[in-house]
Structures are given as structure tokens and as C-alpha cells.
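Notes follow the structure.
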Amino acid sequence: QVQLVESGGKLVQAGDSLRLSCAASGRTFSLYAMGWFRQAPGKEREFVAAINFSGGISKYTDSVKGRFTISRDNAKNTVYLQMNSLKPEDTAVYYCATSPQGWAVTTTDGMDYWGKGTLVTVSS
């Protein structure tokens, strides 16, 4: 059984930085692309960032480009999301997910396993 556990979310102020982690188990982590998604109150879950199996390729939604960085440590079975220059509109529950179809897939139905999420709140 694949398990994904996110951590690192908290209340921060606008302009602050935060790093989220997602620890994976139950699958050969290094074989799969990973994605980060977020869901703000009253909104649909949306794609944030993705990374390929080796960590050499990544992609981002336009609203976070230049501010967020996705990375992974396959030795630790962990994927990270470094978030800088946070804005109130970044407030959401952040989820990691495994992407069996690769890093280029950015839809929620393209992911097969999800974590339970970690809440990031950015105050103005």
C-alpha cells in the first residue's frame, strides 16, 4: 500500500518562505514522477508543480514560477516544495501525489495516490 505523508504547513506572513515535505512509502519511489497540488477553500484542487523520477525535469503552474521549487531526494523517498515570497493567495491545503504517467501530466485524475494534505495559511 502506497502512503504519502505531507508535512511543513503552517501559518506564515506574506513574503515568508516555507518548505513542505512529502514522505513516500510502499512503492519504489525513484521510479515515479511526483506532483504537488493545492486546494483553496471553495475552489477545486489545482496543479502546482511536478518533477520527474530522477529530479532532472520539473514544471510549474504560472502563478508560482520563480517563487516555488520542487525537488526530491530518492535516497530519502521524499519530495519537497520550497515556497518563497508567499502570498495570501497561496493559502491552501497542499497535497502531494504520485504520477504514474510521468511529470508532464498535471491533472488530478492523472495521479494515482494522494497524501492527506498539509495546510498553508499566508496572512497579509
Side-chain angles (χ1 to χ4, degrees):
Q1 182 70 21
V2 174
Q3 287 192 324
L4 302 173
V5 180
E6 302 94 337
S7 62
K10 65 178 184 178
L11 172 64
V12 296
Q13 293 188 332
D16 284 354
S17 296
L18 198 59
R19 188 176 82 158
L20 306 182
S21 300
C22 171
S25 62
R27 171 180 273 181
T28 304
F29 178 75
S30 60
L31 296 180
Y32 292 88
M34 299 291 295
W36 282 99
F37 291 73
R38 66 186 179 186
Q39 188 166 18
K43 295 188 177 181
E44 294 188 349
R45 193 170 299 187
E46 65 173 359
F47 169 77
V48 175
I51 192 166
N52 77 327
F53 69 98
S54 68
I57 302 173
S58 59
K59 69 183 299 183
Y60 302 89
T61 192
D62 286 346
S63 62
V64 307
K65 284 180 182 176
R67 300 189 298 121
F68 290 12
T69 303
I70 188 172
S71 63
R72 66 190 296 161
D73 185 339
N74 286 343
K76 295 183 178 180
N77 288 353
T78 301
V79 62
Y80 304 99
L81 186 67
Q82 176 68 43
M83 305 186 293
N84 299 330
S85 301
L86 282 161
K87 304 175 181 180
E89 52 263 43
D90 295 318
T91 294
V93 177
Y94 284 72
Y95 300 88
C96 67
T98 56
S99 180
Q101 301 179 62
W103 63 272
V105 176
T106 61
T107 57
T108 55
D109 58 6
M111 308 296 122
D112 59 352
Y113 290 98
W114 294 85
K116 294 183 178 180
T118 185
L119 176 63
V120 174
T121 304
V122 184
S123 64
S124 57

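The structure displayed is predicted, hence computed values, not measured ones.
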Q. Relative to each other, are the rings of Tyr94 and Phe68 parallel, tilted or perpendicular (30° and 60° limits)?
A. tilted
**Q.** Straight-line distance of Glu89 CD to Ser124 OG, nearest 0.5 Å
**A.** 10.0 Å
Q. Could Arg38 and Glu46 be called an ion pair, given the rule that one side-chain N must be under 4.0 Å from one carboxylate O?
A. yes
**Q.** Check against side-chain contact (heavy atoms from CB on, under 4.5 Å), Leu18 and Lys10
**A.** CA-CA 8 Å; Leu18 198 59; Lys10 65 178 184 178; 3.5 Å; yes
Q | Main-chain N/O of Val122 paired to Thr91 side chain as donor or acceptor, under 3.5 Å | A | yes
Q. If you look only at pairs with a residue in residues 13-25, which of them pass as a side-chain hydrogen bond (donor to acceptor under 3.5 Å, both in side chains), with sequence neighbours excluded?
A. Ser17-Asn84
Q. What distance do Asp73 atom CG and Thr78 atom OG1 have between them, rounded to the nearest 0.5 Å?
A. 6.5 Å
(Q) On a heavy-atom basis, which atom in Arg45 and which in Tyr95 lie closest, and how many Å separate them? (A) NH2-CZ, 3.4 Å
Q.
Main chain of Gly26, side chain of Asn77: is a donor-acceptor contact present, judged purely on distance under 3.5 Å?
A. no
Q: Would you check if the side chain of Ser58 reaches a backbone N or O of Asn52 as a donor-acceptor pair within less than 3.5 Å?
A: no
Q | Within one Ile-Leu-Val-Met-Phe-Trp-Tyr cluster: Leu86 and Val48, side-chain cutoff 4.5 Å | A | yes
(Q) Tell me whether Asp62 is salt-bridged to Lys65, with the criterion being a basic N under 4.0 Å from an acidic carboxylate O. (A) yes
Q.
Apply side-chain contact (heavy atoms from CB on, under 4.5 Å) to residues Phe29 and Val79 and explain how you reach the verdict.
A. CA-CA 10 Å; Phe29 178 75; Val79 62; 4.3 Å; yes
Q) If every non-hydrogen atom of Gly9 is compared with every non-hydrogen atom of Leu20, which pair is closest and at what distance? A) N-CD2, 3.6 Å
**Q.** Spacing of OH belonging to Tyr80 relative to SG belonging to Cys96, to within rounding of 0.5 Å
**A.** 12.0 Å
(Q) Within the 4.5 Å heavy-atom criterion, are Ile70 and Lys59 side-chain neighbours or not? (A) no
Q: With rounding to the nearest 0.5 Å, note down the distance linking CG in Leu4 to CH2 in Trp114.
A: 10.0 Å
Q. Closest approach of Leu81 and Ala49, non-hydrogen atoms and distance?
A. CD1-CB, 4.2 Å
**Q.** Shared hydrophobic cluster, Val64 / Ile51 (ILVMFWY, side-chain heavy atoms < 4.5 Å)
**A.** yes
Q | Student check: side-chain heavy atoms of Met83 and Val120 closer than 4.5 Å | A | yes
**Q.** Heavy-atom pair with the smallest gap, counting every atom of Asp90 and Ser85
**A.** OD2-O, 4.4 Å
Q. Looking only at heavy atoms, what is the nearest atom pair of Ala33 and Gly102, with distance?
A. CB-C, 3.5 Å
Q.
Distance check, rounded to the nearest 0.5 Å: Thr61 atom OG1 versus Phe37 atom CZ?
A. 10.0 Å
Q.
Between Tyr60 and Thr69, is there a side-chain heavy-atom distance shorter than 4.5 Å?
A. yes
(Q) What verdict does the side-chain contact (heavy atoms from CB on, under 4.5 Å) test give for Glu44 and Thr108, after you've listed the backbone C-alpha separation in whole Å, the side-chain angles of each residue and the deciding distance to 0.1 Å? (A) CA-CA 10 Å; Glu44 294 188 349; Thr108 55; over 6 Å; no
Q) Does NZ or CZ of Arg27 fall inside the cone over Tyr113's six-membered ring, less than 6.0 Å from its centre and within 45° of the axis? A) no
Q: Could you tell me the separation between the CD atom of Gln39 and the CG atom of Leu119, rounded to the nearest 0.5 Å?
A: 12.0 Å
Q: Provide the closest heavy-atom pair for Glu6 versus Gly115 in the form atom of the first, atom of the second, distance.
A: OE2-CA, 3.1 Å
